[in-house]
A.B. asks: 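Structure in structure tokens, see below.
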2 protein chains.
Amino acid sequence: MTEFVIMVRKAMKSANLDSFDRKLLECVRRNNLEPARSLAEKVGLSESSVLRRLRRMRLEGIIIGDIALVDPALTGGAITMHVLVQLYNDGHIRTDAFARNMARREEVVAAWNVAGDEDFVLIVQVPSMEAYDAFTREELSEQSHVRDFKTLISIRPVVDTLISRRPLRA
Amino acid sequence: MTEFVIMVRKAMKSANLDSFDRKLLECVRRNNLEPARSLAEKVGLSESSVLRRLRRMRLEGIIIGDIALVDPALTGGAITMHVLVQLYNDGHIRTDAFARNMARREEVVAAWNVAGDEDFVLIVQVPSMEAYDAFTREELSEQSHVRDFKTLISIRPVVDTLISRRPLRA
DNA sequence: TATGAAATGCCATAACC
DNA sequence: GGTTATGGCATTTCATA
């Protein structure tokens, strides 16, 4: 118990990752079901050390989560859109409000506040064009603080850290 | 062995997911390290069935991968860029070649081939502006088939499905 | 063909050096 | 960080419907 507290304390301070940690992250980032034994010989460490390091990094929040990636086509988000949004810009109030709105929408898979001509980049996943149309009307067209937006329809994902680096299975 | 072939054959045909499958996906999508015993009582099935179904869905490609989510700020990718790329467009050859190049680069976290004025949307994570500069030189500026590209510097991520859906740990 | 139960074997865990 | 003993979990096999 005390040990745990110390571990977390140490965690908060900073994240010093040595080359072993980085190698491990590179591996589990692609496949987190790979046995420690296999990881051990890849990075040149013992099984115990591998497991200790992974557990530590999970406690420290360096590893944020462990998830299964589900084929997007089967989860209701068949169409992927990229949306570049420009707001009527003055102060952070509208920016924050817009960000909050986006966070509320199920369709918005990811969003960034960006610098430059555009203010936001959205990644939106919808089951149909009708759904996308509804989304843009409610959140963009009918919003007075949205100056303009541009939609890029995704033809296909060509890289996805998450997908292309997936483990090869037998 | 024969059983395996039958499994895959069946897999290719289509993906009929019953309510048990969907419940399981909803769980492992948030946390794929949860023991089958725990999943079993959640969805109302035996441990064996849970494991069988998960294995089947992994073979069928319904579950695309199993990965650890790593805090982007700690993986050397402190800066996130969005890059809109236009190629000199003719045929699919250059598009495919470009896609392959992007897939090779560690910095490219995600990339899509899109329709419209732009050809590609990239999400690039780099530790520094120097690293980004090097990336753009090698892959964009010095590439004759790249007509133009536009960089959007991410100020902050405001939505991230993957992160917000992370499992809660004790 | 899919399920649940039991035996086997692998893997993570924890307490050592 | 490495080694060993323990416990847990997945895998396999089998019986059943």
Side-chain angles (χ1 to χ4, degrees), chain A residues 1-8 10-11 15-60 62-69 166-170, chain B residues 1-25 27-63 65-70 167 169-170:
Chain A
M1 180 54 189
T2 307
E3 195 182 339
F4 175 82
V5 174
I6 293 172
M7 233 176 165
V8 174
K10 220 170 52 180
N16 340 356
L17 305 176
D18 62 13
S19 71
F20 289 122
D21 289 329
R22 292 181 196 282
K23 281 183 194 168
L24 286 173
L25 288 177
E26 274 309 305
C27 291
V28 296
R29 176 177 209 185
R30 295 172 187 134
N31 176 13
N32 72 339
L33 299 185
E34 187 174 359
R37 186 170 302 177
S38 162
L39 292 172
E41 57 185 32
K42 273 189 185 171
V43 305
L45 231 56
S46 79
E47 189 181 332
S48 312
S49 289
V50 167
L51 289 165
R52 259 198 296 264
R53 282 166 180 267
L54 287 176
R55 192 170 33 227
R56 177 176 53 79
M57 292 195 283
R58 290 193 165 103
L59 278 170
E60 293 181 1
I62 291 164
I63 293 177
I64 298 168
D66 293 272
I67 64 166
L69 294 170
R166 73 177 154 156
L168 297 172
R169 290 209 183 68
Chain B
M1 178 56 186
T2 307
E3 194 183 339
F4 175 81
V5 174
I6 293 171
M7 234 176 165
V8 174
R9 286 275 167 71
K10 215 171 57 176
M12 297 307 167
K13 303 209 69 163
S14 72
N16 346 354
L17 305 176
D18 62 15
S19 71
F20 289 122
D21 290 328
R22 291 180 198 284
K23 280 182 194 168
L24 287 173
L25 288 177
C27 292
V28 295
R29 177 179 208 184
R30 297 183 172 86
N31 178 13
N32 72 340
L33 299 185
E34 186 173 358
R37 187 171 301 174
S38 162
L39 291 172
E41 57 187 31
K42 273 189 186 172
V43 305
L45 231 56
S46 78
E47 190 182 331
S48 311
S49 288
V50 167
L51 290 166
R52 257 196 298 265
R53 283 167 180 267
L54 288 176
R55 190 167 39 225
R56 176 176 53 80
M57 291 194 283
R58 290 193 165 104
L59 279 170
E60 293 181 0
I62 292 164
I63 294 177
D66 292 272
I67 63 160
L69 295 172
V70 179
R169 289 211 183 69

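Throughout, a chain's letter reflects where its sequence line sits, starting with A, and its residues are numbered from 1. None of the values given here were measured: they were computed from a predicted structure.
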A.B. asks: Can you build the contact string for nucleotides 11-17 of chain C? Use B for base contact, S for sugar-phosphate-only contact, and - for no protein heavy atom under 4.0 Å.
C.D. replies: SBBBB--
A.B. asks: First contact, last contact: which nucleotides of DNA chain D are these for chain A, 5' to 3', heavy-atom distance under 4.0 Å?
C.D. replies: D/dG1 to D/dT4
A.B. asks: Under the side chain to side chain donor-acceptor pair (under 3.5 Å) test, which residues partner A/S48, sequence neighbours left out?
C.D. replies: none
A.B. asks: Which atoms form the tightest heavy-atom contact between B/A40 and B/S46, and what is the distance?
C.D. replies: CB-C, 3.8 Å
A.B. asks: Got a salt bridge between A/E26 and A/K23, using NZ or NE/NH1/NH2 to carboxylate O under 4.0 Å?
C.D. replies: no
A.B. asks: Identify the heavy atoms of A/L24 and A/L39 that sit nearest to each other, and give their distance.
C.D. replies: CD2-CB, 4.3 Å
A.B. asks: Please list, chain by chain and in numerical order, all residues satisfying side-chain contact (heavy atoms from CB on, under 4.5 Å) with B/A36, sequence neighbours excluded.
C.D. replies: B/E47, B/V50, B/L51
A.B. asks: Tell me the closest heavy-atom pair linking A/F20 and A/V43, and the distance in Å.
C.D. replies: CE2-O, 3.3 Å
A.B. asks: Kindly indicate, with the supporting measurements, whether the criterion side-chain contact (heavy atoms from CB on, under 4.5 Å) is fulfilled by A/R52 and A/S49.
C.D. replies: CA-CA 5 Å; A/R52 259 198 296 264; A/S49 289; 3.9 Å; yes
A.B. asks: A/L45 vs A/R53, test: side-chain contact (heavy atoms from CB on, under 4.5 Å). Steps then yes/no.
C.D. replies: CA-CA 10 Å; A/L45 231 56; A/R53 282 166 180 267; 3.4 Å; yes
A.B. asks: Given side chains that start at C-beta, do those of A/L17 and A/M57 come closer than 4.5 Å, heavy atoms only?
C.D. replies: yes
A.B. asks: Sequence neighbours left out, what passes side chain to side chain donor-acceptor pair (under 3.5 Å) with B/E34? Give chain and number order.
C.D. replies: B/S38, B/K42
A.B. asks: Taking five pairs at each end, how big is the angle between the two axes of the helix from C/dT1-D/dA17 to C/dC17-D/dG1, to 10°?
C.D. replies: 20°
A.B. asks: A/D66 and B/D66: side-chain contact (heavy atoms from CB on, under 4.5 Å), yes or no, with the steps?
C.D. replies: CA-CA 7 Å; A/D66 293 272; B/D66 292 272; over 6 Å; no
A.B. asks: For residues B/R30 and A/I67, report the shortest heavy-atom separation together with the two atoms involved.
C.D. replies: O-CG2, 3.5 Å
A.B. asks: Do any N or O atoms of the protein come closer than 3.5 Å to N or O atoms of nucleotides 7-9 of chain C, and which pairs are they?
C.D. replies:
none

